[in-house]
Amino acid sequence: MLRGENSIGPDEAARVEAAREALLGWYAASARALPWRARGTTAWATWVSEVMLQQTRVETVLPYFARFMERFPTPRHMAEASEAEVLGQWAGIGYYRRARFLHAGAKAVCERHGGEVPRGVEALRALDGVGEYTAGAIASIAFGERAALVDGNVERVLTRVFAIEGDPKSSAVKKHLWALAAGFADHPDAGAVNQSLMELGATVCAPTAPRCLTCPVRSMCRAAQEGEPERYPEKAPRKAPRDEDWTALLGLYQGRALLVQSALGRWEGMLVPVMVPGAVDPASLAGRAGAHAVMDHGVVVHVLTHARMRLRVFSATLDEAPTEGTLVSMDALAGLAVPKVTLRVLSAVRSSGDAAPRRRR
DNA sequence: TAACCGTGGAG
DNA sequence: TCTCCAAGGTT
């Protein structure tokens with residue numbers, strides 16, 4: 001049979017069914033107890049957890065999730081909060097656009113859906129920051145809909161179990177994976193099915209050194225039979241982050257530091273020191289900012305996914321109270337929308353009071 | 001399609 | 001120290 005756009009062959013369908021049953025049994029016995037899986041979890045909590053978990057480890061998410069649900073127990077609580085506060089609560093886990101999307105999504109839900117998270121992949125998909133994966137996750141986990149999902153875990157599990165060659169990012173392989181996932185999700189408890197696939201990928205079918213000996217679907221896994229499970233999924237070589245030179249000038253005024261809202265896509269809306277690309281003369285930078293007494297605090301390196309930022313850090317005393325930006329006390333940053341790079345710069349300024357850049361051996 | 005968006009933990 | 005990469009989404 002020709003494999004259509006969203007269908008799988010009879011052989012694969014049979015294997016999907018067998019794997020699903022094995023996974024469900026395993027999941028019922030072995031699932032980690034995570035807060036967003038607790039009884040009484042709302043669709044909103046599922047949404048928040050799914051967004052936080054995008055490209056972010058469970059252990060990292062745990063404290064943030066707890067804080068968010070405490071502060072924003074419903075979409076309305078978040079919709080009524082300022083973006084600055086939402087970003088402040090998000091500060092530290094990165095990919096800050098997620099927080100702005102979540103805030104926008106909460107507002108949209110209040111305006112369009114009476115404050116209730118909508119059902120159905122299509123309505124969910126219409127929310128900012130909710131893509132195919134997240135829509136499928138909310139629909140299946142929160143509402144029990146037979147919605148498929150494919151994340152990095154599912155991709156790994158399925159490419160191994162079905163020995164799927166090719167770049168998993170290619171549209172052909174993606175279609176195949178989503179078709180298989182749809183087969184898995186065609187079940188009365190699609191939420192558990194989907195979570196079992198992800199849980200297996202997270203705890204057993206690991207990227208390296210998969211624990212095949214304890215795997216519930218080992219007997220039906222092609223990659224395990226071939227003896228080289230790590231061969232799947234094929235991974236494209238990563239590009240090295242480019243090097244970027246920046247000059248940061250931290251304005252100081254009466255013991256506090258001047259931060260401004262970043263206009264970069266990176267950290268958009270977050271509070272950062274004045275930063276300009278390139279190696280800029282700090283004296284002229286200070287002059288423009290109305291500051292004097294420039295001090296050199298050496299170089300801070302901040303590595304991101306696509307760039308390695310090398311920041312030459314200076315501080316200077318502001319002549320007058322700034323009219324723009326926010327003056328922050330260096331030890332009262334909790335709840336402020338401050339990314340790690342800001343903390344690094346503040347730390348560099350605080351720890352090197354002298355003008356000479358300090359070098360570690 | 002490919003580039004872009006943060007951070008920290010594991011090996 | 002360094003590489004990999006984690007429950008992705010948008011442009």
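Computation of the quantities below employed the complete heavy-atom set of this structure, encompassing side-chain atoms and omitting hydrogens, waters and symmetry-equivalent molecules. Chain A is the first sequence line, chain B the second, and so forth, proteins listed ahead of strands; every chain is numbered from 1.
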Classify the side chain of A:Thr60 versus the base of B:dG8 as yes if they form a donor-acceptor pair under 3.5 Å and no if they do not.
-> no
Given C:dA7, B:dC4, B:dG8, which nucleotide is nearest the side-chain atoms of A:Arg242?
-> B:dC4
A:Tyr232 side chain to A:Glu226 side chain, donor-acceptor N/O pair below 3.5 angstrom | yes
CZ of A:Arg98 versus C1' of B:dT7: gap in Å, rounded?
-> 9 Å
Are A:Arg222 and A:Phe162 in a cation-pi setup, meaning NZ or CZ lies under 6.0 angstrom from the ring centre and within 45 degrees of the ring axis?
-> no
OP1, OP2 of B:dT1 versus side-chain N and O of A:Ser171: anything below 4.0 Å?
-> yes
How do A:Arg238 and A:Leu127 order along DNA chain C: which one's closest nucleotide is nearer the 5' end?
-> A:Arg238
Looking at the side chain of A:Thr134, which of C:dG9, B:dT1, B:dT7 is the nearest nucleotide?
-> C:dG9
Mind checking A:Arg32 for me? I need base, sugar-phosphate or nothing, with any heavy atom below 4.0 Å counting as a touch.
-> base
Could you tell me the separation between the OH atom of A:Tyr64 and the P atom of B:dG6, rounded to a whole number of Å?
-> 14 Å
Given atom CH2 of A:Trp47 and atom C1' of C:dG9, what is their separation to the nearest angstrom?
-> 14 Å
Hey, does A:Val303 reach any base, or is it just sugar-phosphate, or nothing, if we go heavy atoms under 4.0 Å?
-> base
Distance-only donor-acceptor test (3.5 Å): side chain A:Thr56, base B:dG6 | yes
For B:dT7, take OP1 and OP2 only and decide whether either is under 4.0 Å from a side-chain N or O of A:His302.
-> yes
What's the CZ-P distance between A:Arg266 and C:dT10, to the nearest Å?
-> 20 Å
Please confirm whether A:Arg67 makes a cation-pi placement over A:Tyr64, using NZ or CZ under 6.0 Å from the six-membered ring centre and within 45° of the ring normal.
-> yes
Between B:dT7, C:dA7, C:dG8, which one does the side chain of A:Gln55 approach most closely?
-> C:dG8
A:Leu62 atom CG is separated from B:dG9 atom P, nearest whole Å, by 13 Å
Hey, does A:Trp90 reach any base, or is it just sugar-phosphate, or nothing, if we go heavy atoms under 4.0 Å?
-> nothing
Look at all strands and tell whether A:Gly92 reaches a base, only sugar-phosphate, or nothing, counting heavy atoms closer than 4.0 Å.
-> sugar-phosphate
Any N/O donor-acceptor pair, A:Arg97 side-chain to C:dG9 base, under 3.5 Å | yes
Mind checking A:Arg37 for me? I need base, sugar-phosphate or nothing, with any heavy atom below 4.0 Å counting as a touch.
-> base
Could you check which of C:dC5, B:dG6, B:dG8 has an atom nearest any side-chain atom of A:Leu304?
-> B:dG6
Protein-nucleotide distance (A:Ile93, atom CD1; B:dG9, atom P), rounded to Å | 13 Å
Using the closest heavy atom to pick a nucleotide of DNA chain B for each, name whichever of A:Asp167 or A:Gln54 lands nearer the 5' end.
-> A:Asp167
Would you indicate whether A:Arg310, at its atom CZ, is surrounded by more than 12 heavy atoms from other residues, nucleotides or ligands within a distance under 6.0 Å?
-> no
Classify the nucleic acid contact of A:Leu34 as base, sugar-phosphate or nothing, counting any heavy atom under 4.0 Å across all strands shown.
-> base
Measure from the side-chain heavy atoms of A:Thr305 and tell me the nearest of C:dA7, B:dG6, C:dC5.
-> B:dG6
Determine: side-chain N/O of A:Arg156 to OP1/OP2 of C:dC5, distance under 4.0 Å, yes or no.
-> no
At under 4.0 Å, does any side-chain N or O of A:Trp267 touch on OP1 or OP2 of B:dC4?
-> no
Quick one: is A:Lys169 getting a side-chain N or O under 4.0 Å of the B:dT1 phosphate, OP1 or OP2?
-> no
Does A:Tyr95 make a side-chain N or O approach to OP1 or OP2 of C:dA6 shorter than 4.0 Å?
-> no
Of the listed C:dG9, C:dT10, B:dC4, the closest approach to the A:Arg125 side chain comes from C:dT10
